[in-house]
There are 2 protein chains.
Amino acid sequence: MANIQQIAKRAGVSIATVSRVLNNATSVSPKTRSKVEDAIKELNYEPSMLGRNLRNSESRLLLVLLPNISNPFYTEIINGIQDTAIASGYHILLCETDSKPERENIYFNMVKNKLADGVISMDPTVNMQKLNELAEHYPVILCSEYEENGEIPYITVDSELAAYQAVKHLIKLGNEKVALITSDEKFLYARLRRTGYERALKEYNLPIREEWIYHTKGLDFHYGVHAMRMLLQNEDRPTAVFAISDTLAIGALKTINMELKDSEPIAVVGFDNISFSSMTNPTLTTISQPMYMMGCQATEMLLSRIKGENVENIVLEHELIIRESTME
Amino acid sequence: MANIQQIAKRAGVSIATVSRVLNNATSVSPKTRSKVEDAIKELNYEPSMLGRNLRNSESRLLLVLLPNISNPFYTEIINGIQDTAIASGYHILLCETDSKPERENIYFNMVKNKLADGVISMDPTVNMQKLNELAEHYPVILCSEYEENGEIPYITVDSELAAYQAVKHLIKLGNEKVALITSDEKFLYARLRRTGYERALKEYNLPIREEWIYHTKGLDFHYGVHAMRMLLQNEDRPTAVFAISDTLAIGALKTINMELKDSEPIAVVGFDNISFSSMTNPTLTTISQPMYMMGCQATEMLLSRIKGENVENIVLEHELIIRESTME
DNA sequence: AATCAAATTGTAATCGATTACATATTTGAA
DNA sequence: TTCAAATATGTAATCGATTACAATTTGATT
């Protein structure tokens, strides 16, 4: 791989002139310009990002932190992030932490070292203390999961309200025994969705029964399968379930299909409107978040921060999508 | 962010000594070492990857190219890649090309510019010509999709054989009318799976009927839904379907569920064994690829290439997983 | 032809690290 | 005490770009 020196020599000019052609900045005579351009083509030259970034302290690369890519929830958000980034001349790198905080370090260092210009974190398992430290000096945005009263700008939806509406929908269908499948309450979204669940129950004077609330250890399908099995072991079985994630809801649906073949079905509502949710049988009623939009706006926020501007937190509108799982 | 100069000044030593402490290489007296370590802690210093990479021509970062992360097929492979990379002191960056070749350029440049040490491409839509050029000078491995008789080392499964076995399974169940849902045949895996499909039909003296072969424009569920609708419009309907991807198979299953409520079901076999395939109703018979293993070995191949070693192509074993979709 | 401003090009410092080589210091055997 | 060997540290070049400033060329004007 040729470097700027070799181009300069080949074109018979100084490296400064080559650099000028590269950045088509100040005046370069047409003759020299074309000599340099020829040399660049002949040697198949690409400027080194390393040299350039070192000098400019800018990489035009954005990091996107996510726990793992197996949850389809992230897919559409990432599309939004990517499209917006590219439209502004940036590129993104997806960083999967696998919920292992030690893996975050390398990515945080990339930002500190100007290998990346900023971070969008969608990782609920992120080490918030470290992220806060990073955010003191570098551009960081939280997307979806956030910190209440924290310093880092965020974009999200109103999880409490959405959960409230989901459960209210179940109650209005005549369900007085609504179970909750949720994850670890160290995550804000889990706490908020539980609060919404409880608010709906209270509003209709229904009891909150701990045995109808199941906490999973993760969001993969099989946790939902298992959660529903446990819930069905109650003597007094729930007639409906609200799951804080579509993946869990789909697992629950699977258990219901398997264990309750011909009996009265149990109504299910999920959260996220992942693409699978319209492929299940029955199709899944769920809360739809504007995921693409969320990705776009998160990126705009980050780009603003990179420019040094301040940004406001954003709470986007959600929508209850009613499908077969609450219709039979 | 402090730099090495400031550490040197603070510790009252030269930058060379600081660098020595950092790389705990040649001799540094215990006294100086601890002075430097103190300074590093006090100033919260992290060495710049930019400076270091520029000097060392090494980043210990690997790029993973994929068309998009929405196909869960990639998830497990990436886990394998990531675990193996980390075990060897490397980190990975996921690069989603969205099947837009212009997006590849930035990633290829990262390699040329030593911002990354190598590439694992899982992108069937990649510009092979450019990738071949890159591979002439930099470490590149193909994973899953590959080029027959190409120069780039690859790891994959025997798609032709797997498809043959899948279709044979359907035929043995008594299906004489087996349809194929496949994608664009510009992809090698699509061509190979079609060949396997045809081999099985021929072996049982069944006709290959073009109207039972549907080409989709992508792999998302809805393409499968649509493909199955089209296939059902045949006067002479197929009694079984082999889809070259689980996502397509699941879409097909959806259409079958919707349109053929009570009539004789159509048997379906997919390909990939994505986690959702055991959540559908009926659960999906499919070909399982050793995805985690594939990721691990792809990474080992790449690390060997980075060390300058030669590697052999690898064809891993697959397995037919029989589930409900071929049992009723 | 002489003059001078504008346009073009070159020189050299800089970004933050690593490392060959040079120099200084310590150690220990004679 | 002396001096060579071993150990410790510093100096300066280097990686590949950008850019302030200096130097040169151009060409219009008198």
Side-chain angles (χ1 to χ4, degrees), chain A residues 1-37 39-40 43-61 106 109-117 137-138, chain B residues 1-37 39-40 43-61 106 109-117 137-138:
Chain A
M1 186 71 176
N3 64 16
I4 200 170
Q5 313 268 4
Q6 296 167 321
I7 302 300
K9 182 176 287 179
R10 179 96 168 204
V13 299
S14 73
I15 59 167
T17 301
V18 177
S19 179
R20 288 192 188 98
V21 172
L22 253 32
N23 302 286
N24 43 260
T26 41
S27 53
V28 180
S29 77
K31 249 179 295 175
T32 357
R33 157 161 272 119
S34 73
K35 269 194 300 181
V36 172
E37 281 166 349
I40 289 178
L43 297 185
N44 200 16
Y45 164 77
E46 305 267 5
S48 157
M49 302 170 95
L50 234 36
R52 180 174 280 175
N53 295 354
L54 179 60
R55 183 57 218 234
N56 290 354
S57 287
E58 183 197 56
S59 65
R60 301 190 82 83
L61 246 31
I106 178 84
N109 280 346
M110 287 183 67
V111 180
K112 290 184 188 165
N113 295 329
K114 300 291 181 185
L115 271 188
D117 294 346
H137 300 289
Y138 304 90
Chain B
M1 187 71 180
N3 64 17
I4 198 169
Q5 312 269 3
Q6 296 166 322
I7 301 300
K9 183 177 286 177
R10 179 98 167 200
V13 299
S14 73
I15 58 168
T17 301
V18 177
S19 180
R20 289 193 188 99
V21 172
L22 253 32
N23 302 287
N24 45 259
T26 42
S27 50
V28 180
S29 76
K31 251 178 294 177
T32 359
R33 159 161 270 117
S34 71
K35 271 195 298 181
V36 172
E37 281 167 349
I40 289 178
L43 298 184
N44 199 15
Y45 164 77
E46 303 268 4
S48 157
M49 302 170 94
L50 234 36
R52 180 174 281 177
N53 294 353
L54 178 59
R55 182 57 218 236
N56 290 352
S57 287
E58 183 197 55
S59 65
R60 301 190 83 81
L61 248 29
I106 179 85
N109 279 346
M110 286 183 68
V111 180
K112 290 185 190 166
N113 295 329
K114 298 291 179 186
L115 272 187
D117 294 346
H137 299 288
Y138 305 91

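Lettering follows sequence order; numbering is per chain, from 1. Remember, it's a predicted structure, so these values are computed and weren't measured experimentally.
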Notebook entry, point to check: The side chain of Ser14(A) lies closest to which of these nucleotides: dT19(C), dT11(C), dT19(D)?
Noted result: dT11(C)
Check: So, are Arg60(A) and Glu58(A) salt-bridged, with charged N and O less than 4.0 Å apart?
Finding: yes
Item checked: Along DNA chain D (nearest heavy atom to each residue), the more 5'-positioned of Ala16(B) and Gln5(A) -> Ala16(B)
Next item on the list: Write down the distance between CZ (Arg55(A)) and P (dA12(C)), rounded to a whole number of angstrom.
Entry: 16 Å
Next item on the list: With the side chain of Ser29(A) defined as its heavy atoms from C-beta on, choose the nearest nucleotide among dT11(D), dT18(C), dT9(C).
Entry: dT9(C)
Check: Does Arg52(A) have a side-chain nitrogen or oxygen under 4.0 Å from the phosphate oxygens OP1 or OP2 of dT18(D)?
Finding: yes
Note to self: What is the distance, to the nearest angstrom, from the CD1 atom on Ile15(B) to the P atom on dT18(C)?
What the structure shows: 9 Å
Checklist line | Rounded distance (Å) that lies between atom C1' of dC15(D) and atom NZ of Lys112(B) | finding: 20 Å
Next item on the list: Give one of base, sugar-phosphate or nothing for Val18(B), where a contact means two heavy atoms less than 4.0 Å apart.
Entry: nothing
Notebook entry, point to check: Rounded to whole angstrom units, what separation is found between the CG atom of Asn23(A) and the P atom of dT8(C)?
Noted result: 17 Å
Next item on the list: Could you tell me which non-hydrogen atom of Val21(A) sits nearest to which non-hydrogen atom of Glu37(A), and how far apart they are?
Entry: CG1-CG, 4.1 Å
Next item on the list: Ignoring the backbone of Thr17(B), work out which of dA17(D), dT9(C), dG10(D) is nearest its side chain.
Entry: dG10(D)
Item checked: Nearest heavy atoms of Arg20(A) and Val28(A), plus distance in Å -> CB-CG2, 3.7 Å
Next item on the list: From the options dA17(C), dG16(D), dT19(C), select the nucleotide whose nearest atom is closest to the side chain of Asn56(B).
Entry: dT19(C)
Next item on the list: Send over the distance from Asn53(A) CG to dT14(C) C1', rounded to a whole Å.
Entry: 15 Å
Notebook entry, point to check: Under 4.0 Å: is that the gap between some side-chain N or O of Ser48(B) and OP1 or OP2 of dC15(C)?
Noted result: no
Next item on the list: Looking only at non-hydrogen atoms, find the nearest pair between Tyr45(B) and Asn3(B) and report the distance.
Entry: CE1-C, 3.6 Å
Next item on the list: Quickly work out the Lys9(B) NZ to dT9(D) P distance and round it to whole Å.
Entry: 20 Å
Notebook entry, point to check: Looking across every strand, which nucleic acid part, if any, lies under 4.0 Å from Thr32(A) by heavy atom: base, sugar-phosphate, or nothing?
Noted result: sugar-phosphate
Margin query: Rounding to an integer number of Å, can you tell me how far Arg20(A) CZ sits from dA22(D) C1'?
Written below: 11 Å
Margin query: Considering every strand and a 4.0 Å limit on heavy-atom distances, what is the contact class for Leu54(A): base, sugar-phosphate, or nothing?
Written below: base
Check: Rounded to the Å, how far apart are Tyr45(A) OH and dG16(D) P?
Finding: 10 Å
Notebook entry, point to check: Side-chain donor-acceptor pair under 3.5 Å between Ser59(B) and Asn53(B), yes or no?
Noted result: no
